[in-house]
2 protein chains.
Amino acid sequence: MGSDGGQRTWGIAQLVEDFGVTARTIRFYEDRGLLAPRRRGQQRVYEVRDRVRLALVLRGRRLGFSLGEIATIVDMYDAEPGEAGQLRYLLDQIAARRLDLERRRRDIDETLAELAVVADRCRDDLAGLAAGS
Amino acid sequence: MGSDGGQRTWGIAQLVEDFGVTARTIRFYEDRGLLAPRRRGQQRVYEVRDRVRLALVLRGRRLGFSLGEIATIVDMYDAEPGEAGQLRYLLDQIAARRLDLERRRRDIDETLAELAVVADRCRDDLAGLAAGS
DNA sequence: CCAGATCTTTACGTTGACGTCAACGTAAGC
DNA sequence: GCTTACGTTGACGTCAACGTAAAGATCTGG
């Protein structure tokens, strides 16, 4: 059905539009090893896997991870099977990440709960103003 | 029961030890308006509310907020009732923060789920190595 | 064939969040 | 009164994560 047989590719400008980041940012991520697009001549050609990686990077960024941490995380996703030592190391890394993420979620839940309290107080104050006017 | 009648105070060195940050960081937060300890002469004297604020700041930091965002958040907690416009503005700010935090939580849940998949694959590979040796 | 648009590399600038001195004040113990 | 420890205020350094500007390559429509 697709006229390109599923071999769809994108230029850097499309990624800029689709992901809401600048071209500078995308090239910077490539420079830091987070992306590795093909080249057609001198120009960058992005495929689906590049888009997936970029999406992972941006999610990591939203979570406040440094690019170094993001690199170790996204590299987990497409790690080769490797030997037992590598696998155990990877499992350790994953466990560490899990602890980190779970603490973040606790922090988030606490903050949300406290903001709800402040919002309630706020609405009470508003109601009081309306009643007392 | 407390020999100081609940009027406990702390020096900067205690905060350093208790919170695991440097004195430089604590003074920097004060410079940015996030803390405002009393002074005994020239030296800083921290009370319970200062510790609470510092804990809030550090939690915001763990969540990846900038110090400017953290300032707006912690200022929400001890905002004066104020007038209706202020209250509505505060409610808007809280709503925006909630959206932000809820997206972060979704990001975290997705990441945790994907890391679980990678970990499973990892354990399978390890089992395969053990069986094939 | 050429202007304009898009992409490229290179390199320096900027901002936030501190680190790292340097130089000085002050309180405690001997 | 002198040292030692701790605290203080500048002031400059640093690092990550880009922004921004310069100058050339490449493609595209007219």
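Here is the naming used below: chain letters follow the sequence lines, and residue numbers restart at 1 for every chain.
Closest to the side chain of Gln43(B), out of dT9(D), dG7(D), dT8(C), is dG7(D). Across dG19(D), dC18(C), dT8(D), the shortest atom-to-atom separation from the side chain of Gln42(B) is found for dT8(D). The side chain of Phe28(A) lies closest to dC18(D) when the candidates are dG7(D), dC18(D), dT8(C). Among dT8(C), dG19(C), dG7(D), the nucleotide with an atom closest to any side-chain atom of Thr25(B) is dG19(C). For Arg39(B), counting side-chain heavy atoms from C-beta on, the closest listed nucleotide (dG7(D), dT9(D), dC7(C)) is dT9(D). Distance from the side chain of Arg61(A) is smallest for dC18(D) among the nucleotides dG19(D), dT8(C), dC18(D). Each of dG7(D), dC18(C), dA17(C) was ranked by its minimum atom distance to the side chain of Ser66(B); first place goes to dA17(C).
Taking atom CD on Glu30(B) and atom P on dA17(C), their separation rounds to 17 Å, with Å as the unit. Distance Ile12(B) CD1 to dT26(C) P: 17 Å, rounded to the nearest Å. Atom CG of Leu15(A) is separated from atom P of dT8(C) by 10 Å (rounded to the nearest Å). Going from atom CD1 of Ile26(B) over to atom C1' of dT9(D) covers 16 Å, rounded to whole Å. Residue Asp31(B) contributes atom CG, which lies 13 Å from atom P of dG16(C) at whole-angstrom precision.
Residue Arg44(A) places none of its side-chain N or O atoms closer than 4.0 Å to OP1 or OP2 of dT26(D). The side chain of Thr22(B) contributes an N or O atom lying less than 4.0 Å from OP1 or OP2 of dG19(C).
Among the heavy atoms of the strands, none lies under 4.0 Å from Ala23(A). Residue-level contact check: Arg27(B) touches the bases, meaning some heavy atom is under 4.0 Å from a base atom. As judged by a 4.0 angstrom heavy-atom cut-off over every strand, Tyr29(B) is placed among residues touching the sugar-phosphate backbone only. At the heavy-atom level, Arg40(A) lies nowhere under 4.0 Å from the strands shown.
Looking at Glu30(B) and Arg39(B), a side-chain N of the basic residue comes within less than 4.0 Å of a carboxylate O on the acidic one, giving a salt bridge.
With hydrogens and angles ignored, the 3.5 Å screen pairs no side-chain donor or acceptor of Arg8(B) with any backbone N or O of Val48(B). Using a distance-only test at 3.5 Å, with no hydrogens or angles considered, a donor-acceptor pair links the side chain of Arg104(A) to the main chain of Leu63(A). The backbone N or O of Glu47(B) sits less than 3.5 Å from a side-chain atom of Asp50(B), completing a donor-acceptor pair.
If you check distances only, the side chain of Arg24(A) does reach the base of dT20(D) with a donor-acceptor pair under 3.5 Å.
Leu90(B) approaches Cys122(A) most closely through the heavy-atom pair CD2-SG, 3.6 Å.
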